[in-house]
Structure formats: structure tokens, C-alpha cells
Amino acid sequence: MARRAFTEPATFCERVFAVVRTIPSGSTLSYSEVARLAGNPRGARAVGAVLRTNYDPEIPCHRVIRKDGSPGGYNRGVTLKKRRLACEATEK
DNA sequence: GCGATGACTCAAG
DNA sequence: CCTTGAGCCATCG
């Protein structure tokens, strides 16, 4: 295999993005869960750091919340995050 | 390559 | 209930 169809995750961010991108609507994952799926059960912080520095409109990062159930943070405003979560979680 | 920072988590006071 | 401490990891300057 000379090269994979998908570019290899040069950084942990790419891996996190791949996981977060698979989150279905109405579902929420905790940072530790995403970190675990990304291959780093202890990378909860790394996940937050990645999402914060590499936010992407294609990534439903608003579905990634803390274990406590708190929204954690959102580059676009935590209020918007809660809004989207409520909308998707309620409708679906 | 190192130091600083942070959208984390757990435990204890 | 809220604050603090310690642990772990990745990105950025």
C-alpha cells in the first residue's frame, strides 16, 4: 500500500476529528470517550486542546461535552452549543 | 526542543 | 456547594 485513501492523521487532531465526525445527531460524547476512541484514554485534555485550536464547521464538536454533563466550552459561544444540543436532543 | 496553556477527570476538604 | 491539587496529553510560540 503506497498510500491510504484517507490522509494519515499526522496529528492527534485528525484522529479526534475522525471520531467526532462520526457522532450521530442527538448523541453526545464526553471528552474522555472521544479520547478513548481516538486511541488515547487519557487524552481528554488533548481533545479539548485540539478542538479549541482546530475547530472545523464540519465537526459537530458541540456534541462533545464533559463527563459532568457541562457543555465545557465552544469557540462560537457556549450558549450556541447548548442551543444546538437541546434542539437535536429534543427533536430526535 | 522547551515551557506555558487549556473546551479534562478524579478525589478530598 | 465550591475550591484545590494532582495526573495526563497535545498544540502553540
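Residue numbers begin at 1 in each chain, while the letters A, B, ... track the order of the sequences. Being a predicted model, the structure only gives us computed values, none of them experimental.
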Task: Nucleotide C:dC9, atom C1' - distance to CD of A:E33 in whole Å - done: 17 Å
TODO: For residues A:L85 and A:I65, determine if any side-chain heavy atom of one lies less than 4.5 Å from a side-chain heavy atom of the other.
DONE: yes
Task: Distance in angstrom units between A:N54 CG and B:dA7 P, rounded - done: 15 Å
Open item on the list: Closer than 3.5 angstrom, by distance alone: can the side chain of A:K67 be matched with the main-chain N or O of A:S32 as a donor-acceptor pair?
Closed with: no
- [ ] Taking the side chain as every heavy atom from C-beta outward, state whether A:V16 and A:I59 have any atom pair closer than 4.5 Å.
- [x] no
- [ ] Do nucleotides 8-13 of chain B as a string where each nucleotide becomes B, S or -: B if the base has a protein heavy atom under 4.0 Å, S if just the sugar-phosphate does, - if no protein is that close.
- [x] BB----
TODO: Scan A:N75 against the nucleic acid and name what it touches under 4.0 Å (heavy atoms): base, sugar-phosphate only, or nothing.
DONE: base
TODO: Can you figure out which of C:dC8, B:dA7, C:dT11 approaches the side chain of A:Y55 most closely?
DONE: B:dA7
Task: Side-chain heavy atoms of A:S25 within contact of A:R63, under 4.5 Å - done: yes
Task: Donor-acceptor contact below 3.5 Å, side chain A:N40 vs main chain A:A35 - done: no
Task: A:L51 CG to C:dC9 C1', straight-line distance once rounded to whole Å - done: 13 Å
Open item on the list: Looking at C:dA10, I'd like to know if its phosphate oxygens (OP1 or OP2) sit under 4.0 Å from a side-chain N or O belonging to A:T11.
Closed with: no
Open item on the list: Are A:L51 and A:Y74 packed together at the side-chain level, in the sense that at least one heavy-atom pair is separated by less than 4.5 angstrom?
Closed with: no
- [ ] Take the protein atom CZ of A:R52 and the nucleotide atom P of B:dA4, then report the distance between them rounded to whole Å.
- [x] 16 Å
